[in-house]
Amino acid sequence: PVFAGMNGSAIENFSCVIYNIFLMNCTWQAGRDAPADTQYFLYWQNSRDEEEMECELYIKDENCRNTGCIFQNVSIGTEKAYFLVNGSSKDSLIQFYDEYIDLYKIEILTAPLNVTAHCTRDSAGCIITWHPPLTSHVEKAKCFQYEISIQNK
């Protein structure tokens, strides 16, 4: 059955972020009613064409229970990625958790690069230049919008 397992045993508060262009960190909390020996395992699939992969580097809590995962070399595609967290316990069946996520929506962009400011005392004021932030999925620099906060000191 699709929802086999003890109610309240599936993970809660699942969340992922992509940072530094190709690193992804996913975290979760153990189900509130999961047996103490429950261990969780994360699998994900970046697109229908790619194979499902298990986490290679788990984050563990004080009880050595898997509560997160760090992925390297993540690429952001156009399809939603599929995430599945299942669990095992010697005491009972554990419900699984799954979710589809648009990876571009969870990317934390780096700051713009090579920011420079050239100011003069005449009416020209200041000229501020920068390069777009590094990203794994935005190919056109014109896709970015910037906000400049200038503070006098």
Side-chain angles (χ1 to χ4, degrees), residues 1-116 128-151:
V2 174
F3 294 105
M6 185 175 72
N7 285 339
S9 62
I11 63 153
E12 300 174 355
N13 300 323
F14 182 78
S15 174
C16 295
V17 294
I18 295 175
Y19 59 99
N20 288 349
I21 305 164
F22 61 87
L23 298 175
M24 181 168 65
N25 187 15
C26 297
T27 59
W28 60 84
Q29 292 173 328
R32 63 183 104 71
D33 295 327
D37 75 327
T38 303
Q39 186 59 280
Y40 295 102
F41 305 95
L42 171 62
Y43 299 86
W44 85 298
Q45 190 174 12
N46 199 4
S47 72
R48 287 185 212 115
D49 299 331
E50 293 186 26
E51 283 190 43
E52 187 175 84
M53 299 173 285
E54 183 181 357
C55 174
E56 293 181 357
L57 182 58
Y58 281 106
I59 301 166
K60 297 183 179 290
D61 66 9
E62 62 278 357
N63 299 318
C64 288
R65 185 182 298 192
N66 297 337
T67 56
C69 180
I70 298 171
F71 294 97
Q72 298 179 1
N73 301 319
V74 172
S75 62
I76 296 177
T78 55
E79 293 182 44
K80 288 181 183 247
Y82 176 68
F83 294 84
L84 170 74
V85 181
N86 63 22
S88 66
S89 166
K90 67 180 184 324
D91 296 330
S92 66
L93 291 174
I94 304 301
Q95 289 181 329
F96 71 86
Y97 172 92
D98 67 342
E99 183 176 355
Y100 286 91
I101 299 175
D102 283 315
L103 296 183
Y104 73 89
K105 291 182 179 178
I106 62 169
E107 183 176 18
I108 298 171
L109 297 174
T110 62
L113 304 169
N114 300 327
V115 178
T116 60
I128 302 171
T129 61
W130 61 86
H131 291 110
L134 297 175
T135 176
S136 63
H137 71 285
V138 177
E139 295 177 7
K140 297 178 181 171
K142 65 183 178 184
C143 290
F144 290 101
Q145 292 182 350
Y146 302 93
E147 181 177 312
I148 298 174
S149 175
I150 299 175
Q151 301 172 3

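Numbers here are sequence positions counted from 1. None of these values were measured; they are calculated from a predicted model.
A heavy-atom distance below 4.5 Å is not found between the side chains of N46 and F71. I70 is listed as a side-chain neighbour of I59, based on a closest heavy-atom distance under 4.5 Å. Looking at Y146 and P133, their side chains come closer than 4.5 Å, going by heavy atoms from C-beta outward.
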Show me, pair by pair, the donor-acceptor contacts under 3.5 angstrom made by side chains of residues 13-29, not counting sequence neighbours?
| residue | atom | partner | partner atom | Å |
| --- | --- | --- | --- | --- |
| N13 | ND2 | Q29 | OE1 | 2.4 |
| W28 | NE1 | N66 | O | 3.0 |

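Put simply, the side chain of S9 gets close to the backbone of Q95: a donor and an acceptor are under 3.5 Å apart. Counting only distance, with no hydrogens or angles, the side chain of D37 and the backbone of K90 share a donor-acceptor pair below 3.5 Å. The closest donor-acceptor contact from the side chain of Y40 to the backbone of G31 lies under 3.5 Å. Side chain of Y58 to backbone of C64: no donor-acceptor contact under 3.5 angstrom is found.
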> Is there a side chain to side chain contact (heavy atoms under 4.5 Å, CB included) between Q39 and R65 once you walk through the steps?
Replying inline: CA-CA 6 Å; Q39 186 59 280; R65 185 182 298 192; 3.8 Å; yes

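To the nearest 0.5 Å, the span separating OG1 on T38 from CG on D91 amounts to 7.5 Å. Atom OH of Y82 and atom CZ of R48 lie 13.0 Å apart (nearest 0.5 Å).
Under the salt bridge (Lys or Arg N to Asp or Glu O under 4.0 Å) criterion, K80 pairs with D102, not counting sequence neighbours.
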